[in-house]
Amino acid sequence: MASGDQKFAERKNQPVSPPTPIVQPTSPTKRVLITTLLAGVIGGGAALVSKHRKAYPNIPTVYATNFAIVAGCYCGAREFVRITRRSEHDDVLNSTIGGLFSGALLGRLQGGPYGALRYSVIFAAMGTASAYAGHKAKAMLENHRNKDSIKLPEWFPIQILDDEALAKKKAQEQKIFAERSFGRLNKEET
């Protein structure tokens, strides 16, 4: 038995460890910074496919800046609320309160007192919806990370082989390799 076969047999007899959970950044600064940078990249990418980029050549920079400002303000307010309330980072109420505060601030700067009310409601609704959807999606992804839950259909050309089929395939490959090697030796001698 080859060393690869022994390793495979040893791995097969070991208990399967549970899948590792999806890990998020631990510090509030990293969570805000990473989200802000990601929003800036998404904003710049959205502007690159915009129909206005030919008329306004600096529109990707403007979009990226606006996306980064909004995301930084919202994430900063959400983290401030989380630290103040001493709650977990996946609490949906943090997103609601953070959305109210950041929306009021940005709305007041953009549209006056009435804009503050509109923006705060919009930010709270969108922030809460995105946090809720993100937590549900994270739970679904962690459930589907287990490789044993994936079943391939019978007609699929790639199949997972059991020990007997794997040994048969290895023997066939060695036979073909020996025939090819023997064929090369015969050609070299003539």
Side-chain angles (χ1 to χ4, degrees), residues 1-51 53 59-61 63-64 67-68 70-72 74-75 78-79 82 87-92 94-95 126-190:
M1 187 186 259
S3 64
D5 294 338
Q6 289 174 349
K7 289 179 184 176
F8 178 75
E10 289 172 4
R11 272 187 277 152
K12 188 155 181 145
N13 293 334
Q14 291 179 353
V16 179
S17 63
T20 57
I22 298 171
V23 180
Q24 294 182 349
T26 55
S27 71
T29 306
K30 285 183 181 177
R31 281 195 291 268
V32 173
L33 183 64
I34 289 172
T35 309
T36 303
L37 291 175
L38 185 62
V41 169
I42 290 171
L48 285 175
V49 297
S50 171
K51 64 180 180 179
R53 74 177 187 276
I59 200 81
T61 309
Y63 274 38
F67 271 62
V70 169
Y74 169 73
C75 291
R78 185 184 64 199
E79 288 300 318
R82 183 188 68 81
S87 63
E88 294 294 322
H89 68 274
D90 59 350
D91 189 6
V92 179
N94 295 339
S95 298
M126 293 300 292
T128 305
S130 66
Y132 181 75
H135 298 308
K136 288 294 184 182
K138 180 181 171 185
M140 287 174 46
L141 284 174
E142 286 180 352
N143 287 340
H144 291 295
R145 286 181 69 185
N146 187 0
K147 302 237 186 249
D148 293 337
S149 65
I150 299 173
K151 296 285 186 185
L152 299 174
E154 290 182 18
W155 54 265
F156 198 71
I158 301 172
Q159 294 293 323
I160 299 173
L161 302 176
D162 59 349
D163 290 336
E164 185 178 313
L166 188 62
K168 183 179 177 182
K169 182 180 176 202
K170 287 268 188 195
Q172 184 181 11
E173 287 175 353
Q174 288 176 353
K175 180 182 173 189
I176 292 172
F177 180 74
E179 289 174 358
R180 285 184 182 168
S181 297
F182 187 69
R184 278 192 225 133
L185 290 175
N186 286 340
K187 287 180 183 177
E188 290 176 3
E189 290 175 358
T190 59

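Residues take their numbers from the sequence shown, with the count starting at 1.
- Counting all heavy atoms, side chain and backbone alike, G43 lies closest to F67 at CA-CG, 3.6 Å.
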Run the side chain to side chain contact (heavy atoms under 4.5 Å, CB included) test on F177 and E173 for me, step by step, so that the C-alpha distance in whole Å, both residues' side-chain angles and the decisive distance to 0.1 Å come before the verdict.
CA-CA 6 Å; F177 180 74; E173 287 175 353; over 6 Å; no

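- The local environment of CD in E164 is sparse, with at most 12 non-hydrogen atoms from other residues, nucleotides or ligands closer than 6.0 Å.
- Closest approach of N94 to E88, counting heavy atoms only: ND2-O, 3.0 Å.
- Closest of all the heavy-atom pairs between G40 and A68 is CA-CB, 4.1 Å.
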